[in-house]
Amino acid sequence: MNQSKPIRTARSVCPHDCPSTCALDVDLIDDRTIGRVRGARDDPYTDGVICAKVARYSERIHHPERLLHPMRRTGPKGEGNWTRISWEDALDEIAEKFLAAEAGYGAQSVWPYFYAGTMGHVQRDGINRLRHYKGYSGQYDTICTTPAWAGYIAGTGMLSGVNPEQMAEADCVVIWGTNAVHTQVNVMTHAIKARKQRGARIVAVDIYRSATMEQADVGVLLSPGSDGAFATAVMHVLLRDGLADRAYMEKYTDFGPELELHLQSRSPEWAAPITGLTVAEIEAFAHLVGSTPRTYFRLGYGFTRQRSGATGMHAALCIPAMTGAWRHRGGGAFHSNSGTWQLDKSAITGANRKQSGIRELDMSAIGPILTGDRKALKDGPPVKAMLIQNTNPACVAPDQSNVHQGFLREDLFTVVHEQFMTETAELADIVLPATMFLEHDDYYTRGGHTRVLLGPKLVEAPGETRSNNFVHNELAKRLGITDPDFFRDPRELIAETFRRSNYPALEEVEKTGYVERALPDEKSRYATGFGWPDRKFRFQPDWEATRLKTGDTWVCDPAIMPRFPDHFDVSEKSDADHPFRLATSPARGFLNSTFNETPGSRQREGGPSLLLHPGDAADLGIAAGDRIQIGNKRGQVILIARLFDGMQRGTLIAEGLHKNRDHEGGHGINTLIGADPIPPFGGAAFHDAAVWVRKI
Ligand SMILES: Nc1nc2c(c(=O)[nH]1)N[C@H]1C(S)=C(S)[C@@H](COP(=O)(O)OP(=O)(O)OC[C@H]3O[C@@H](n4cnc5c(=O)[nH]c(N)nc54)[C@H](O)[C@@H]3O)O[C@H]1N2
Ligand SMILES: Nc1nc2c(c(=O)[nH]1)N[C@H]1C(S)=C(S)[C@@H](COP(=O)(O)OP(=O)(O)OC[C@H]3O[C@@H](n4cnc5c(=O)[nH]c(N)nc54)[C@H](O)[C@@H]3O)O[C@H]1N2
Ligand code: SF4
Ligand SMILES: [Mo]
């Protein structure tokens, strides 16, 4: 870290894919160099706290391995031979190749591919402007939020919940399926305030004794994918023991006799073998939340990365609807506020130029798509050219063997715009160097809270790095787009988006750096009714009505979806050949694959390892530190064994997305994960793989 005296401190916002979206105070040493990064104290949610990996951001922004110049591949794909080229030559060649793909196979043979490596809307979503104007293939965004959002909206009818600052006013905080200590540290800030000030109990519901569970007062250690069974049995106990708020259910929900009958058959005795909990543990949880009106349910993404994930989210959300926790300050539930921004982003995305009849390719199925699977391609043309921004699919996407095989195709032209030579960039034909958040203008929404924040350009960009927006505009020019509306700079795009969304003018927003979007408290706790036409919470999900709200696509026969909250038995089946259940939970020091290049994070995480129950290890003759191989029909991965008794027998946890090459043999953990979609609307089941384990 640079210890020189800063010339000034400036306000920014963390751009990474994390629900906290922290407001940052960044020390500027000179017009190119940053010093310390701190959490803003005057931002009520950030409250002066950020994670260690962003506090050391100077390691990342001033990293000696940053990409600084456009490069063209010279040798065979993936072999690491590059020659430096000019931006002009790079852009001309990309346009020529994209136009050739279009001429040969139609515009839909070009597939712009992106995700949330930056959460800035201008730099993240602008690639869609190019897509829509050109009629390139669409991207069905399933890699992260699809099952979680669908499951939540199926209950409430809207993606919003009680202001997370109110966790501090709760008497019980249930942190469910999120390892907040790793993935969104600010949840802990507010939950711990409740414990300190009110003696609140913190409960963690997970499949291993995560860092969050270590800090909790109560840990509920489930078997993977059994959240639906657990939640259903909890409701059974609430009804049985007179802890359900029947007046609330009558007024605010669709609760009725059929559901009551269904829940009568879902006793703790029924759930115990499915969840791996004891009857007493299920009853104790039900009694705790049933007798603590101010219980705040913070529902995360993790448990929705099971094949039963969307139904698991809905089932968990049913508990506060039964206890009436929504009535009380400090009570209720929260997953994301992403339904509250009401932004018209058409200036950025070109949504009004979207053409009908264009296929949407499932981003999680990039492996099958690039290897020519007809169904994944929707019987359309092969993908012949890609522009990739803000994502590293050669590490983060499921079904890695096919992803790699696909990227190695000689007839595929791949452009990767990146900050580092990621494992995806290594497989490209042309690599373009990208700016970082402190080097360009953007605005950010905070899904884990209530604000929209500005992140202005604060330092000069190094080398020849250029922003995503620069690439969109320069390619558009060369691809025959002439509409002057296409070509705005980031500031103009922010200003125009705020204008179209009836937000305050950019100049106004700049005075404070944010727009507050908190809903009135009654609304956030649905006191005026839920988001369905009859204003009632739905214990009985209507998935088709949910789909109409989310704009998602069915990926299964609707008839397989359970009618009521229940155990949905669709996990990848363990069998005699694959007796273990693997989850790939996030590491603290990495953010997906980001930061797996910075020294501080690499040192913290060490090499790829696997948490294995000591009993299982003994059965297999495995000792701590042994090299072990785990595998299934998709491939094999090598890691180092770590013995850990904080999970049920048969559960395995591999924390973090290490580089593929950091694994002996070069196969990363996503080799083992399936690209089959989570019902009902898709998503990748990153925490749901059946595998075998052996010592090597
Ligand atoms: N440090 C760090 N921070 C991150 C990320 C990261 O990789 N590292 N990723 C970022 C991104 S993109 C996102 S979307 C968020 C996600 O953040 P979270 O909402 O926290 O979701 P996950 O990290 O996927 O998983 C959270 C927990 O769910 C547990 N889990 C897995 N299966 C089950 C299950 O069946 N039931 C239950 N109850 N729990 C289960 C996992 O073991 C894990 O501890 O975090 C963001 N923040
Ligand atoms: N095994 C396993 N796999 C997972 C998960 C898991 O829990 N387990 N989680 C999944 C989830 S929730 C998600 S969201 C995905 C996320 O996967 P990705 O979206 O691929 O996220 P990152 O790995 O962080 O990669 C983001 C990349 O964007 C680049 N980048 C950042 N800002 C910019 C910019 O302004 N311009 C350009 N051009 N590039 C930029 C960064 O350098 C980085 O390489 O991973 C998924 N994969
Ligand atoms: S906690 Fe999340 S939002 Fe905050 S600084 Fe860390 S990565 Fe960024
Ligand atoms: Mo994510």
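Counting starts at 1 for both ligands and their atoms, following the listed order. Just so it is clear, the structure is predicted and the values come from calculations on it, not from any experiment. Residue numbers start at 1 and run along the sequence shown.
Checking only distances, Leu591 does come within under 3.5 Å of ligand 2, N or O to N or O. Of the polar atoms of Thr594, at least one N or O is found under 3.5 Å from an N or O of ligand 2, judged by distance alone. Geometrically, ligand 2 and His440 share no nitrogen or oxygen pair separated by less than 3.5 Å. Note: an N/O pair closer than 3.5 Å links Val396 and ligand 2 by distance alone. Every N/O-N/O distance between Ile653 and ligand 1 stays at or above 3.5 Å. Considering backbone and side-chain atoms alike, Thr391 places an N or O below 3.5 Å from some N or O of ligand 2. Checked by distance only, ligand 2 and Gln389 stay at 3.5 Å or farther apart across all their nitrogen or oxygen atoms. Any N or O atom pair closer than 3.5 Å counts here, and Asn670 shares at least one such pair with ligand 2.
Taking every heavy atom of Gly300 and a limit of under 4.0 angstrom, the matching atoms of ligand 1 come to 19 (O). Distances below 4.0 Å separate heavy atoms of Asn179 from the following atoms of ligand 1: 20 (O), 26 (C), 27 (C), 44 (O). Per-residue contacts place Phe590 under 4.0 angstrom from the following atoms of ligand 1 (heavy atoms of the residue considered): 1 (N), 2 (C), 6 (C), 7 (O), 8 (N). For ligand 2, the atoms closer than 4.0 angstrom to any heavy atom of Arg60 are 41 (C), 42 (O). Here is the list of ligand 1 atoms found below 4.0 Å of a heavy atom in Val205: 38 (N). Each of the atoms 1 (N) of ligand 1 lies under 4.0 Å from some heavy atom of Arg588. Those atoms of ligand 1 with a heavy atom of Ala587 less than 4.0 angstrom away are 1 (N), 2 (C), 8 (N). When each atom of ligand 2 is checked for a heavy atom of His687 under 4.0 Å away, the hits are 7 (O). Interface atoms of ligand 2 facing Ser593, defined by a heavy-atom separation under 4.0 Å, are 22 (P), 23 (O), 24 (O), 25 (O). Atoms of ligand 2 lying under 4.0 Å from at least one heavy atom of Asp17, given by number and element, are 14 (S). Those atoms of ligand 1 that come under 4.0 Å of a heavy atom in Tyr208, given as number and element, are 42 (O), 44 (O). Those atoms of ligand 2 that come under 4.0 Å of a heavy atom in Tyr115, given as number and element, are 14 (S), 19 (O). Close contacts between ligand 2 and Thr422 involve ligand atoms 44 (O) [criterion: under 4.0 Å to a heavy atom]. The ligand atoms of ligand 2 that sit less than 4.0 angstrom from a heavy atom of Cys144 are 12 (S), 14 (S). Listed by number with element, the atoms of ligand 3 under 4.0 angstrom from any heavy atom of Leu591 are 7 (S). Close approach of ligand 2 to Asn390 is summarised as follows: ligand atoms under 4.0 Å from at least one heavy atom of the residue are 19 (O), 26 (C), 27 (C), 28 (O), 29 (C), 30 (N), 33 (C), 34 (C), 36 (N), 37 (C), 38 (N), 39 (N), 40 (C). Each of the atoms 1 (N) of ligand 1 lies under 4.0 Å from some heavy atom of Lys53. Against a heavy-atom cut-off of under 4.0 Å, Val54 is close to the following atoms of ligand 3: 5 (S), 6 (Fe), 7 (S), 8 (Fe).
Shortest contact from atom 9 (N) of ligand 2 to any protein heavy atom: Asn592 OD1, 3.7 Å. For atom 4 (Fe) of ligand 3, the nearest non-hydrogen atom of the protein is Cys22 SG, 2.3 Å. Remark: minimum distance from atom 6 (Fe) of ligand 3 to any protein heavy atom is reached at Cys51 SG, 2.3 Å. When hydrogens are left out, the protein atom nearest atom 2 (Fe) of ligand 3 is Cys18 SG, 2.3 Å; that is the closest non-hydrogen contact. Of the protein's heavy atoms, Gln306 NE2, 3.0 Å lies nearest to atom 32 (N) of ligand 1. The nearest protein atom to atom 47 (N) of ligand 1, hydrogens excluded, is given as Thr183 O, 3.0 Å; this is a heavy-atom distance. Among all protein heavy atoms, the one lying closest to atom 33 (C) of ligand 2 is Gln419 NE2, 3.3 Å.
At least one heavy atom of Asn468 sits closer than 4.0 Å to an atom of ligand 2. By the 4.0 Å heavy-atom criterion, His16 is excluded from the residues contacting ligand 1. At a 4.0 Å cut-off, not a single heavy atom of Glu597 sits close enough to ligand 2 to count as contact. Distances from ligand 1 to the non-hydrogen atoms of Pro224 include at least one value under 4.0 Å. Residue Arg124 places every heavy atom at 4.0 Å or more from ligand 2. Heavy atoms of Glu418 come nearer than 4.0 angstrom to ligand 2 in at least one pair. Not close to ligand 2: Asn596, with no non-hydrogen atom less than 4.0 angstrom away.
Residue-level proximity to ligand 2 for Met436 is absent, since no heavy atom of it falls below 4.0 angstrom. Residue contacts with ligand 1 for Ser585 involve side-chain atoms from C-beta outward but no N, CA, C or O (heavy atoms, distance under 4.0 Å). Neither the backbone nor the side chain of Cys51 comes within contact range of ligand 1; no heavy atom lies under 4.0 Å. Contacts with ligand 1 closer than 4.0 Å are made by no heavy atom of Phe686, backbone or side chain. Contact annotation: for Thr178 versus ligand 1, heavy atoms closer than 4.0 Å belong to both the backbone and the side chain. Of all the heavy atoms of His417, the ones lying under 4.0 Å from any atom of ligand 2 are found in both the backbone and the side chain.
Between atom 8 (Fe) of ligand 3 and Cys14 there is an N/O/S contact shorter than 2.8 Å.
Side chains of Thr232 and Asp566: no donor on one and acceptor on the other come within 3.5 Å. Side-chain contact of His63 with Glu59: a donor-acceptor pair under 3.5 Å is absent, judged by distance alone.
Here atom 8 (N) of ligand 2 lies nearest to Thr584 when heavy atoms of Asp141, Thr584, Leu657 are compared.
The number of heavy atoms from other shown groups lying within 6.0 Å of NE2 (His182) is above 12.
In terms of modelled atom types and a separation under 3.5 Å, the side chain of Gln648 and the main chain of Leu221 share a donor-acceptor contact.
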Exercise. Taking it one step at a time, do Asp399 and Asn402 satisfy side chain to side chain donor-acceptor pair (under 3.5 Å)?
Worked result: CA-CA 6 Å; Asp399 194 10; Asn402 279 319; 3.1 Å; yes
